[in-house]
Engineer: 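Supplied in structure tokens, the structure appears directly below.
Ligands are counted one by one from 1 in listed order, and the atoms in each one are counted from 1 as well.
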Amino acid sequence: MLNVRKVRKDFPILKTGIIYLDNAASSLTPEPVLQKMLEFYCHYRANVGRGIHHLSQKASEEYERARTKVADFINAKSENEVIMTKNTTEGINLIASGLKWKKGEKIVTSLIEHHSDFIVWLRVKNNYDIELKTVRPKGSVEEGLLDVTDFEKIIDDKTKLVALTHVSNVLGVITPIEEITKIAHEHGAYVLVDGAQSVPHMKVDVQKIGCDFLAFSGHKMCAPTGSGVLYIRKELSEEVEPLCIGGGAIADVEHDSYTLDKSPRRFEAGTPAIADVIGLGAAIDYLQKIGMKNIERYERKLTTLMYEEMTALPNVEVYSPDPEQKIGIMAFNIKDLNPHDVALALDVSANIMVRSGHHCALPFIRGLLHKSGTIRASTYFYNTEEEIDKFVSALKEIINSLVE
Ligand code: PMP
């Protein structure tokens, strides 16, 4: 059960009275996660996988326990499919640089992607002479809905990879990822899912989706900054070259050769962000205790409320599909006001944090929406209906005082 009043007490920053609606950029961190990290630093602060002494053994145990928690959380078949990264961007780059590309192969992506799931493919296209196809949303650009039939037309036997966001960081729109994955697999293509905006807000099951790779960030789901995950389906772990190699990643080394270890170790060279990974494990415990279904249900309610209240405001342009098709994010502009001015006014006048700008999605914002930027309000399970009401009241005041 989600008791919002109760969970809010776990977030020290909320005691300062802020209204935090910038969760798509990064979430807040609850006390149990902070405590778990402190436990590592105070009681078993040592390196992992390297020492025989009991501190190192305990640190390694906690580190690996976090990996098992992640595997259960996304329903991976094995914890060996879970690679610890520092964020979504690193996970996507690992796949881009690690797959063995051949001239003439094709990558399919979309125009609603975050730069982290877009410019990496431009680089692959340029470096290896790969064809890059970008699917644009069907119908109204402002709704951002991707149509499965467009992917049916574009994905063919030359396609090596389909790389798509699960939830757009600009519109919150949910991509029909399962259907697209099926089409990709019929053509022998791999599917990479950018789960940065889905994994924190809904139950994401890699076996149900059937994807080959899933990248997401811990810092958007109550875990510390510096924690992220890349899921690589077991059968593909040797198909992907690691981004870094070195200590911790090897099975054997001779003076003129080396053999890499199996996944996940082959992908985790060097000392990892141990406290952050252990913190990620605690964040998963925290989310599981509330229940991802409860989180999703509650957030959908908040999104609908925000949509209804904001679309009723004069001079506000809301970029959104029907709330049924989205979660957690509302992008908008107020008449001709600069989005940064609106964000600053919300902060100064009402202690409300939102994001403004192009949200690392220029091909969408500038290319399709024809805007220089938008304001983005994004919720999490600790936001309340009263906060949404206060946010809408603050917008009304800005409209009354700034719009001519
Ligand atoms: N993809 C999407 C959809 C995102 O929203 C973000 C973060 N805004 C990223 C990728 C990149 O995440 P990170 O900065 O944690 O690597």
Side-chain angles (χ1 to χ4, degrees), residues 20-29 70 74 83-97 109-123 134-135 137 144-146 161-177 180 191-202 204 209 211 213-231 243 273 276-277 279-280 283 299 303 319 326-331 343 353-365 368-369 373-380:
Y20 190 75
L21 292 174
D22 194 17
N23 294 284
S26 206
S27 74
L28 304 177
T29 314
V70 173
I74 59 171
I83 290 122
M84 297 304 182
T85 60
K86 67 173 185 289
N87 51 35
T88 306
T89 305
E90 185 185 329
I92 297 174
N93 271 274
L94 197 157
I95 298 302
S97 78
T109 185
S110 87
L111 277 178
I112 65 165
E113 302 304 311
H114 186 280
H115 295 159
S116 292
D117 193 38
F118 195 74
I119 65 168
V120 285
W121 311 122
L122 285 176
R123 183 160 76 169
T134 48
V135 175
L145 298 168
L146 295 175
L161 181 75
V162 176
L164 274 188
T165 190
H166 194 182
V167 168
S168 151
N169 70 310
V170 177
L171 302 173
V173 62
I174 303 167
T175 305
I177 199 72
I180 297 169
V191 175
L192 178 146
V193 178
D194 173 348
Q197 299 295 348
S198 60
V199 176
H201 304 279
M202 53 174 74
V204 173
I209 295 173
C211 59
F213 313 114
L214 169 76
F216 57 99
S217 301
H219 71 88
K220 293 183 199 283
M221 47 185 279
C222 295
T225 54
S227 64
V229 172
L230 174 66
Y231 158 84
L243 201 55
D276 302 319
V277 168
L280 172 62
E299 278 205 67
T303 310
Y319 313 115
K326 67 183 294 181
I327 187 156
I329 290 173
M330 202 64 72
M353 319 292 138
V354 293
R355 171 93 185 263
S356 51
H358 55 61
H359 317 299
C360 296
L362 278 170
F364 180 68
I365 298 280
L368 291 180
L369 215 49
T374 79
I375 307 136
R376 180 184 72 183
S378 53
T379 56
Y380 211 3

Engineer: Identify the closest protein heavy atom to atom 11 (C) of ligand 1: which residue and atom is it, and at what distance?
Structural biologist: T89 OG1, 3.5 Å
Engineer: For the pair H359 (side chain) and A361 (backbone), establish whether a donor and an acceptor sit closer than 3.5 Å, ignoring hydrogens and angles.
Structural biologist: no
Engineer: With the threshold set at under 4.0 angstrom, would you say D117 reaches ligand 1 through any of its heavy atoms?
Structural biologist: no
Engineer: Taking 4.0 angstrom as the limit and counting only heavy atoms of T165, give me the atoms of ligand 1 inside it, by number and element.
Structural biologist: 3 (C)
Engineer: Considering non-hydrogen atoms of the protein only, which is the closest contact for atom 10 (C) of ligand 1, and what is the distance?
Structural biologist: D194 OD2, 3.4 Å
Engineer: Does T165 offer a backbone N or O that forms a donor-acceptor pair with the side chain of T175 under 3.5 Å?
Structural biologist: yes
Engineer: Run down the list C360, G226, S217, A215 and name the one with the heavy atom closest to atom 15 (O) of ligand 1.
Structural biologist: S217
Engineer: Does K220 offer a backbone N or O that forms a donor-acceptor pair with the side chain of S217 under 3.5 Å?
Structural biologist: no
Engineer: With a heavy-atom distance limit of 4.0 Å, tell me whether E113 approaches ligand 1 through its side chain, its backbone, both, or neither.
Structural biologist: neither
Engineer: Is a donor on one side and an acceptor on the other found under 3.5 Å between the side chain of T85 and the backbone of V229?
Structural biologist: yes
Engineer: For ligand 1, is any non-hydrogen atom under 4.0 Å from T88's backbone (N, CA, C, O), its side chain (CB onward), both, or neither?
Structural biologist: both
Engineer: Side chain of T29, backbone of P224: donor and acceptor closer than 3.5 Å?
Structural biologist: no
Engineer: Any N or O on E90 sitting closer than 3.5 Å to an N or O of ligand 1?
Structural biologist: no
Engineer: Which ligand 1 atoms, with their elements, are less than 4.0 angstrom from a heavy-atom of Q197?
Structural biologist: 3 (C), 4 (C), 5 (O)
Engineer: Can you find an N/O atom of S116 closer than 3.5 Å to an N/O atom of ligand 1?
Structural biologist: no
Engineer: Using only atom types and a distance under 3.5 Å, with no angle test, would you say the side chain of T303 pairs donor to acceptor with the backbone of E299?
Structural biologist: yes
Engineer: Give the residue, atom name and distance (to 0.1 Å) of the protein heavy atom nearest atom 4 (C) of ligand 1.
Structural biologist: H114 CD2, 3.4 Å
Engineer: Mark yes or no for whether R355, through its side chain, and S378, through its backbone, hold a donor-acceptor pair below 3.5 Å.
Structural biologist: no
Engineer: Given that the side chain starts at C-beta and the backbone is N, CA, C, O, which of these parts of K220 lies under 4.0 Å from ligand 1, counting heavy atoms, or is it both or neither?
Structural biologist: side chain
Engineer: What do you reckon, are the aromatic ring centroids of H201 and H166 less than 6.0 Å apart?
Structural biologist: no
